[in-house]
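These figures come from a predicted structure and were not determined experimentally. The analysis underlying the following values was restricted to heavy atoms, covering all of them including side chains, and did not include hydrogens, waters or symmetry mates.
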Amino acid sequence: MSNKISVFDTTLRDGEQSPGCSMNLQEKLNVALQLEKLKVDVIEAGFAIASPGDFESVSEVAKVVKNAIVASLCRAAEKDIDRAYEAVKHAAHPRIHTFLATSPIHMQYKLKMSEEQVLERTAFAVAHAKKYCSDVEFSAEDASRSDKGFLAKVFTAAIAAGATVINVPDTVGYSTPAEMVEYITFLKNNVKGIEKAEISVHCHNDLGLAVSNSLASIKAGATQIECTINGIGERAGNASLEEIVMNLHTRKDYYGAECGVDASQIYRASKLIQTITGVPVAPSKAIVGNNAFAHEAGIHQHGVLAERTTYEIMRPQDIGIPQNKIVLGKHSGRHAFENRLTELGYSLSKQETEDAFYRFKVLADRKKNITDGDLDALVAMKFETVEQHYKLDNFVINSGSKITATATISLNVNGEIIEKVSSGDGPVDAAYKAINMILDKKIELDNYSIHAASEGEDALGEVVVRIKLDEKQTVGRGRSTDIIEASMLAYLDGVNKL
Ligand code: KIV
Ligand code: ZN
């Protein structure tokens, strides 16, 4: 009989903590709905006490999610726990996830607490959470650098106070697979009441071992895995959900474990996170990278054509990569358009389909072949829901190898057309300077990236910028067949968000 592994997704909490991956409320709700389609067991929706925005997103996610458990993270402090419950109480299946560090380094320098105090606080926090919620998870932060004997005492106290899940985080990505096995085995043998709780692991990827450490822990008896889509997260990220799930699917013979995730939703989930965060995965990324299923070498192609399993251990359709690459164009009708969206796994409302079809027609006037990549980009525009106070009205750019680039930009600012001219170090810089002049604001560009959202010579260029005004930071996205226009649209998207 195979073990059932719970998949705890923390894309909306730990994932969102990664640089440049912050999401607004609407984006978080879209991610939560995709996670439901993926059939993860737990959605960690945020850290409710961190800010009013975080609180709101946890409670809104709690309201829309029907099947998965919705968790909020909180420190082991009364106020934090109260706030976490306030946010998750709307959920069909709420969980409070409280944590306290247990390693000597963290206890001495960060918490300034003794072992006795940590033990006492653990019991208090879990008992307090338990007053609200039957499902309480306790995490021993930096567990993998903690003394095993002390860790066992802490988890014993947590379970005695009512914890239903005990989590072993490799907070700084320091552990090795063999050490994770040692920890889990030790805890199974030394934590009193361990049979009453689920054992979870939460591995970071600082040394590139997050997935290996998670899988080794499953082998040793962990039954909950904490992970994120595309492995996004603090620093080098968290264990990647898609890699763990596909390891369990592909090597069921080895792990003897399975999870309830619907693997055919993986590709869509990965694309959604890339679209929303503007952070693309590397082409060679396992499972969801563009090259993950591409066979370049002749000998491999020959083998795959003769018998797929010679070089393929998974099929692209297993993770939901659309198979028949239909190309749409100017003359494609609404029916073909809607059919293709459905085949690509989208389920849009009537209004969203209407809006996307309009954008499709506009694009088809500029671009002969509309590919799946273009459709992804067109649908992604629905996430750009901010009010457009500043709209691009017109632009003229002059640039060349022997002249200073200049940009004449006119914006529609709440109905009024304002035009400014600026020079700059290249066309994009000139355009951004002209926009800043219109806004009369010192917006700083922190990061700029551009890639082709689809294939072919007339591909849609997608620009993602991170911009800053005072202490506020945001990500803006823009797409166009003209990359200078895409650059301006991305900048204005960010400006409207700010
Ligand atoms: O990495 C970590 O230790 C965490 C815990 C708060 C679970 O994210
Ligand atoms: Zn973490």
Exercise for the section: Evaluate the ring planes of Y85 and Y132, with Trp represented by its six-membered ring, and classify them as parallel (under 30°), tilted (30 to 60°) or perpendicular (over 60°). Expected result: parallel
Give, for atom [atom1] of [X] and atom [atom2] of [Y], the distance between the pair rounded to the nearest 0.5 Å.
| X | Y | atom1 | atom2 | value |
| --- | --- | --- | --- | --- |
| I319 | I266 | CD1 | CD1 | 6.5 Å |
| E137 | S200 | CD | OG | 5.0 Å |
| R75 | H97 | CZ | NE2 | 13.5 Å |
| I184 | N189 | CD1 | CG | 11.5 Å |
| T11 | M23 | OG1 | CE | 6.5 Å |
| D82 | C74 | CG | SG | 9.0 Å |

I'd like to know if the side chain of [X] pairs up with that of [Y] as donor and acceptor (distance under 3.5 Å, no hydrogens or angles considered).
| X | Y | result |
| --- | --- | --- |
| T102 | S146 | yes |
| N238 | T228 | no |
| N291 | S284 | no |
| S487 | Y448 | yes |
| T310 | E307 | no |

Taking 4.0 angstrom as the limit, do [X] and [Y] come out as a salt bridge?
| X | Y | value |
| --- | --- | --- |
| D14 | R235 | no |
| D372 | R340 | yes |
| E44 | R95 | no |
| D41 | K4 | yes |
| K110 | E141 | yes |

Is it the case that atom [atom1] in [X] sees more than 12 heavy atoms from other parts of the structure closer than 6.0 Å?
| X | atom1 | result |
| --- | --- | --- |
| K148 | NZ | yes |
| I159 | CD1 | yes |
| Y311 | OH | yes |
| E120 | CD | no |
| K39 | NZ | no |

Using every non-hydrogen atom in the two residues, find where [X] and [Y] come nearest and quote the distance to one decimal.
| X | Y | result |
| --- | --- | --- |
| V65 | A32 | CG2-CB, 4.1 Å |
| I194 | I166 | CD1-CD1, 3.5 Å |
| A45 | V70 | CB-CG1, 4.0 Å |
| T122 | A158 | CG2-CB, 3.9 Å |
| I229 | S270 | CG2-CA, 3.7 Å |
| K112 | Q117 | O-OE1, 4.2 Å |

Flag the pair [X] / [Y] as yes when at least one side-chain heavy-atom distance between them is below 4.5 Å, and no otherwise.
| X | Y | value |
| --- | --- | --- |
| I96 | V126 | no |
| T275 | D376 | no |
| I287 | M314 | yes |
| I273 | V31 | yes |
| V7 | I225 | no |
| I199 | V191 | no |
| T98 | D80 | no |

Handout entry: Full working for salt bridge (Lys or Arg N to Asp or Glu O under 4.0 Å) between K252 and E258
Key = CA-CA 7 Å; K252 198 166 158 205; E258 55 192 337; 3.4 Å; yes
Problem - Any residue meeting side-chain hydrogen bond (donor to acceptor under 3.5 Å, both in side chains) with S57, in chain and number order, not counting sequence neighbours - result: K28
Exercise for the section: Applying side-chain hydrogen bond (donor to acceptor under 3.5 Å, both in side chains), name anything that partners K89, two or more places apart in sequence or on another chain. Expected result: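 Scan of K89 (side-chain hydrogen bond (donor to acceptor under 3.5 Å, both in side chains), adjacent residues dropped) gives E86.
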Handout entry: ring pair (Phe, Tyr, Trp, His ring centres under 6.0 Å) pairs, two or more places apart, involving residues 173-203
Key = H202-H204
Handout entry: Residue among K285, K271, Q274 satisfying side chain to side chain contact (heavy atoms under 4.5 Å, CB included) with P280
Key = Q274
Exercise for the section: Kindly determine whether T171 and D142 satisfy side chain to side chain donor-acceptor pair (under 3.5 Å), including the steps that lead there. Expected result: CA-CA 5 Å; T171 303; D142 207 16; 4.7 Å; no
Handout entry: Heavy-atom donor-acceptor pair, D147 side chain to G149 backbone, under 3.5 Å
Key =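 Judged by distance alone, yes, a pair lies under 3.5 Å.
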Practice task
State whether the side chain of S240 and the backbone N or O of E243 hold a donor-acceptor pair below 3.5 Å, judged by distance alone.
Solution key: yes
